[in-house]
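Keep in mind that this is a model prediction, so the values were computed, not measured.
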Amino acid sequence: MLRTAARARRAAIVAAASLLLSGCTVVAPGGVGTPTVPVTRAAQDELLRSAEHRLVVDCLRGRGIALSARPRAPDDDRVFRAALFGAGPRELSVTLATGATVTAHEDGCLATARQRLYGDQRRWFRAQVTVDNLRAEAQARMRADPAHRAALARWTRCATPPLGPRPDRPDPAVAARCDRESGLDAVRKRLEAAEMAEVRTLHRDELTTYRQLRDRALRRAAELPASGPPVERPHLS
């Protein structure tokens, strides 16, 4: 009985040591050792940026490139950019409801870092691009609304001088007065809120994916080992 208990304790110690050597976190009872994810959005964003930067540095180092070494010749710059951003045809592409198309490479160190953080770079790219452009889509839908077009026409008449064409940049005081008198400001606020709610409903699947992958990335970022000395970010013209 005692021998069995001693063997069990030894097995537990060996397992814990293996986890530590492999870079995993041993979670003690009560949550001690659990990676901490920041609460505020700003702190979470900073954690993700720092983790992505660290993974990019590791990836470039594995290719024999130091991120702190600024390329000194055109050929060096091309090699650096190819390693960081990828090369050849862009494998990732999302066409938005606004008609714009966003593309990216899948083979550079930036893509590799995001694959490690988010677990599925293709799904993350599609979800992130869509979510980042929800407001632009809502504004495009708003501008197409007849109520907005009518209010904009009233604003244009209001801001146009009697004896000349409307200036590209009307005086701020005139613009503010015409916002009120034409009702454009009120129409814009009402429609944009409604259209924003509509596009969030239309893209609920992408929003769900975005939240799931972001939560995964935050946990992964919190689990990364402490970084070494800060590495200078290159200046890319």
For the residue pair Arg177 and Val174, establish whether any side-chain heavy-atom pair is separated by less than 4.5 Å.
yes

Between the NE2 atom in His53 and the CD atom in Glu46, the distance rounded to the nearest 0.5 Å is 10.5 Å

Contacts satisfying ring pair (Phe, Tyr, Trp, His ring centres under 6.0 Å) that involve residues 140-184 (not counting sequence neighbours) are none

Val56 and Cys109 have their tightest heavy-atom pair at CG2-O, 3.9 Å

Checklist entry - Out of curiosity, does Leu96 fall in the hydrophobic cluster containing Val131 (side-chain heavy atoms, cut-off under 4.5 Å, transitive links)? => result no

What one should report as the nearest heavy-atom pair of Val199 and Leu134 is CG2-O, 3.8 Å

Shortest non-hydrogen pair, Ala222 vs Leu47, comes out as N-CD2, 4.2 Å

Given the options Val102, Thr130, Asp120, Phe125 meets side chain to side chain contact (heavy atoms under 4.5 Å, CB included) only with Val102

In short, side-chain hydrogen bond (donor to acceptor under 3.5 Å, both in side chains) pairs touching residues 210-222 with sequence neighbours left out are Arg41-Tyr210, Gln44-Arg214, Asp45-Arg214

Salt-bridge criterion met for Arg49 and Glu52 (N-O under 4.0 Å):
no

Heavy atoms of Ala111 and His105 approach each other most closely as CB-O, 3.8 Å

dist Asp107:CG -> Arg90:CZ (nearest 0.5 Å) comes out at 10.5 Å

* Asked: Is it true that Arg154 and Glu181 make a salt bridge, defined as a side-chain N closer than 4.0 Å to a carboxylate O?
  -> no

- Task: Could you check Leu117 against Leu55 for side chain to side chain contact (heavy atoms under 4.5 Å, CB included), going step by step and ending with a plain yes or no?
- Result: CA-CA 9 Å; Leu117 270 180; Leu55 292 173; 3.7 Å; yes

Here the pair of heavy atoms bringing Ala159 nearest to Cys178 is N-SG, 3.5 Å

So side-chain hydrogen bond (donor to acceptor under 3.5 Å, both in side chains) across residues 197-209, not counting sequence neighbours, yields Glu137-His203

The reported gap from CG in Leu184 to CG in Leu191 (rounded to nearest 0.5 angstrom) is 9.5 Å

Exercise for the section: Report, as yes or no, whether the 6.0 Å neighbourhood of atom CZ on Arg149 holds more than 12 heavy atoms from other residues, nucleotides or ligands. Expected result: yes

>> Let me check something: do Val129 and Phe85 share a hydrophobic cluster, defined by ILVMFWY side-chain heavy atoms less than 4.5 Å apart, either directly or through other members?
In response: no

The reported gap from CZ in Arg116 to CD in Gln121 (rounded to nearest 0.5 angstrom) is 13.5 Å

One should read off an interatomic distance between Arg123 CZ and Gln115 CD, to the nearest 0.5 angstrom, of 11.0 Å

Item to complete: Go through the steps to decide whether Trp124 and Leu92 satisfy the test side chain to side chain contact (heavy atoms under 4.5 Å, CB included), and finish with yes or no.
Response: CA-CA 11 Å; Trp124 172 248; Leu92 303 177; over 6 Å; no

Requested in this report: Test side chain to side chain donor-acceptor pair (under 3.5 Å) on Thr101 and Thr95 and set out the steps.
Outcome: CA-CA 4 Å; Thr101 297; Thr95 299; 3.0 Å; yes

Test side chain to side chain contact (heavy atoms under 4.5 Å, CB included), reference Arg81, set Asp77, Val79, Leu84, output is Asp77

Pairing of Lys189 and Asp185 as salt bridge, 4.0 angstrom limit: yes

Minimal heavy-atom distance between Thr98 and Ala140, with the atoms involved, is CG2-CB, 4.2 Å

*Check step by step if salt bridge (Lys or Arg N to Asp or Glu O under 4.0 Å) holds for Arg122 and Glu106.*
CA-CA 8 Å; Arg122 282 183 171 269; Glu106 199 175 25; 2.9 Å; yes

Next item on the list: Give the cluster check for Leu152 versus Met142: same hydrophobic cluster or not, with ILVMFWY residues linked at side-chain heavy-atom distances below 4.5 Å.
Entry: no

